[in-house]
Each structure stands twice: as structure tokens, then as C-alpha cells.
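Computed from heavy atoms alone, side chains included, the values below leave out hydrogens, waters and symmetry copies.
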Amino acid sequence: MTLLEPDTDGQLVQEDDCVDLFDLAGDPLDAAVARLKAGVKPTAEDIALLTEAARTAQRAFEEVGAANDVLDDASDLGEDLTTALAETLRRRDRAEAPALLGALRAQAARVERSEAVRTIANRVLGNGGPDEPAALAPVPALTPALLPRVPSVYDDEEAGASLADLWERQERLERVQDRVRGERVEHVAAHLVALAERIVDRAFLDARFTRAALDEMDRAYALWCVCLDEG
């Protein structure tokens with residue numbers, strides 16, 4: 001396309017199309033683009049506007065790429081943290097678990113910040129705003145009432161005829177109590193790992209669900225410690 005100078009009336013005639021150069025879009029960049037499309041030789045101001053727009057678009061593309069990298073890193077690290085958490089709970093290492101929960105929360109915060117930047121970059125690129133927030137997915141809550149109950153001596157309605165019978169029933173009760181206490185610890189541990197897996201499976205992207213799940217994991221960890229102390 002040949003670039004032409006406007007005539008004295010501010011009209012440009014090109015292939016039978018008439019463009020009014022004094023009635024272009026109000027935004028300076030839009031006006032510069034419209035003049036360029038119409039074949040008008042760009043001014044120094046137009047070139048500066050177009051150059052800055054190109055640089056802004058390039059930075060926006062770079063921010064989107066960086067956000068994708070953050071998601072990849074968070075997904076990989078999240079899987080590693082989930083595996084480490086499962087192993088820590090299996091070993092009943094109550095000292096290490098808080099650090100792993102903190103690392104999951106740090107990754108969630110990093111993704112949330114990165115996604116906020118992605119939203120701005122997409123607006124710059126004309127990709128529209130974020131989707132309407134979906135309904136918050138339910139986060140299962142675990143309470144002591146939902147755990148297997150540890151039986152007590154009062155649950156034994158069998159009357160003992162001798163001291164030997166009473167002793168035998170007491171030993172049996174203690175074995176059952178130990179087993180149930182172990183089940184309680186494992187039940188809470190499974191709950192913690194399941195929540196971590198759900199967070200990582202969503203790649204930390206559902207910020208509201210992730211925050212709610214991490215809060216529930218903090219409560220579940222406290223319950224897990226209580227269950228450990230029962231033994």
C-alpha cells in the first residue's frame with residue numbers, strides 16, 4: 001500500500017474510498033492505526049505511539065509466558081510437596097508437616113499473584129476480562145465426631161465371672177483401642193493428603209478453593225496432632 005499525504009481539506013482519496021482524517025477515533029493510538037491503515041504517511045508522533053504499543057504488547061506476551069512458567073513450576077513442586085507430606089504423615093513426624101503446609105500456601109500465593117498479572121496482560125492484549133467466578137467448590141471438613149470412636153470400658157456389657165475374665169477383657173479392649181487410635185491418625189492423614197492432591201490437581205488456580213482447603217488443612221493438622229497424643 002502506498003502511503004499518501006492528506007490533501008488540504010483533510011481528505012484522502014484511495015481506491016475510491018474517502019477517509020476523513022479529522023474525524024478518526026478519539027484515542028491517539030486508534031487514530032494513528034487508522035491513518036496507517038488508510039495509507040497516510042505516519043508522523044513522528046504516530047511512530048512513537050505505535051512503537052510504544054508494540055513494546056507494551058511484547059511485555060504483555062512475556063507476562064503471559066511467565067505466568068505459564070509459574071503454573072508449570074507450581075504443579076511440579078506441588079506434586080513433590082504432596083508426596084513429601086504423605087511420607088511425613090506416614091512417619092508421624094509432626095515437626096516437619098507445618099513446613100510442608102507452609103510451602104503449599106506459599107506456592108498458592110505465588111500462583112495467585114501471577115494470575116493477577118496474567119489478567120492485566122490479557123486485557124492489554126484485548127483478550128477480555130476474567131470469566132465470572134464459579135460457585136465455590138465444597139471443601140470437606142473433618143471433625144472429631146467424624147472419626148472412628150475409641151471404645152471405652154463402659155461399652156463392654158459382658159459381666160465377668162472371675163478376675164481372669166476381667167483381665168482378659170481389659171487386654172482385648174486395650175488392643176481394640178490401640179487399633180482404633182491408629183485408624184484415627186490414618187484417617188486424618190488421608191484427609192490431609194487428599195486435600196493437597198485436590199489443590200495441586202487444580203494447579204492452585206482456583207484461588208478461593210485453594211485458600212479454603214489450606215485453612216482446612218491447618219485445622220486437620222491440629223486434629224492429627226491430637227490423635228497422635230491419644231496414643
Side-chain angles (χ1 to χ4, degrees), residues 55-148 183-228:
R55 290 172 177 168
T56 301
Q58 181 180 7
R59 288 195 297 268
F61 279 117
E62 290 172 352
E63 293 292 355
V64 171
N68 291 336
D69 291 340
V70 168
L71 285 184
D72 290 341
D73 291 344
S75 180
D76 292 341
L77 182 56
E79 291 179 359
D80 292 341
L81 289 172
T82 300
T83 300
L85 178 64
E87 175 60 20
T88 295
L89 297 174
R90 186 191 66 79
R91 290 187 283 105
R92 300 190 175 187
D93 185 348
R94 71 175 74 199
E96 185 177 346
L100 296 172
L101 296 178
L104 284 169
R105 193 175 287 275
Q107 283 303 308
R110 181 184 177 216
V111 170
E112 189 170 354
R113 289 192 300 269
S114 175
E115 289 305 301
V117 174
R118 182 201 296 274
T119 297
I120 296 173
N122 279 329
R123 288 174 182 169
V124 170
L125 296 173
N127 293 335
D131 297 333
E132 288 295 324
L136 179 63
V139 176
L142 186 62
T143 64
L146 297 176
L147 297 176
E183 290 174 354
R184 287 164 65 88
V185 171
E186 293 173 1
H187 193 95
V188 181
H191 177 65
L192 280 161
V193 173
L195 285 174
E197 289 175 343
R198 288 185 66 180
I199 291 172
V200 174
D201 184 60
R202 294 165 181 256
F204 300 91
L205 278 173
D206 190 336
R208 292 186 304 158
F209 173 85
T210 298
R211 288 193 295 267
L214 287 168
D215 289 343
E216 169 61 18
M217 291 180 74
D218 287 341
R219 291 188 290 269
Y221 169 71
L223 178 58
W224 182 72
C225 290
V226 170
C227 292
L228 284 181

So, do [X] and [Y] sit near enough that their side-chain heavy atoms are less than 4.5 Å apart?
X	Y	answer
R105	D218	yes
H187	L142	yes
E115	L71	yes
L101	L214	no
V226	V188	no

Pair T210-V111, side chain to side chain contact (heavy atoms under 4.5 Å, CB included): steps then yes or no
CA-CA 11 Å; T210 298; V111 170; over 6 Å; no
Heavy-atom closest contact ([X] atom, [Y] atom, distance):
X	Y	value
R198	P140	NH1-CD, 3.4 Å
A97	Y221	CB-CE1, 3.6 Å
A212	V139	CB-CG2, 3.8 Å
C227	L147	SG-CD1, 3.7 Å
A60	A121	O-CB, 3.5 Å

In Q107, R211, R208, the residue satisfying side-chain contact (heavy atoms from CB on, under 4.5 Å) with E112 is R211
Rounded to the nearest 0.5 Å, how far does [atom2] of [Y] lie from [atom1] of [X]?
X	Y	atom1	atom2	result
L192	L104	CG	CG	10.5 Å
L195	M217	CG	CE	6.0 Å
E96	L85	CD	CG	9.0 Å
L228	R94	CG	CZ	5.0 Å
D201	D206	CG	CG	11.5 Å
L146	R184	CG	CZ	10.5 Å

Check the surroundings of atom CZ in R91: do more than 12 heavy atoms from other residues, nucleotides or ligands lie under 6.0 Å from it?
yes
Strictly by salt bridge (Lys or Arg N to Asp or Glu O under 4.0 Å), give each pair with a member in residues 67-86 just once, sequence neighbours left out.
D73-R110
Test E87 against R90 for salt bridge (Lys or Arg N to Asp or Glu O under 4.0 Å), laying out the working first.
CA-CA 5 Å; E87 175 60 20; R90 186 191 66 79; 2.6 Å; yes
Under-4.0 Å salt bridge between R219 and E216:
yes
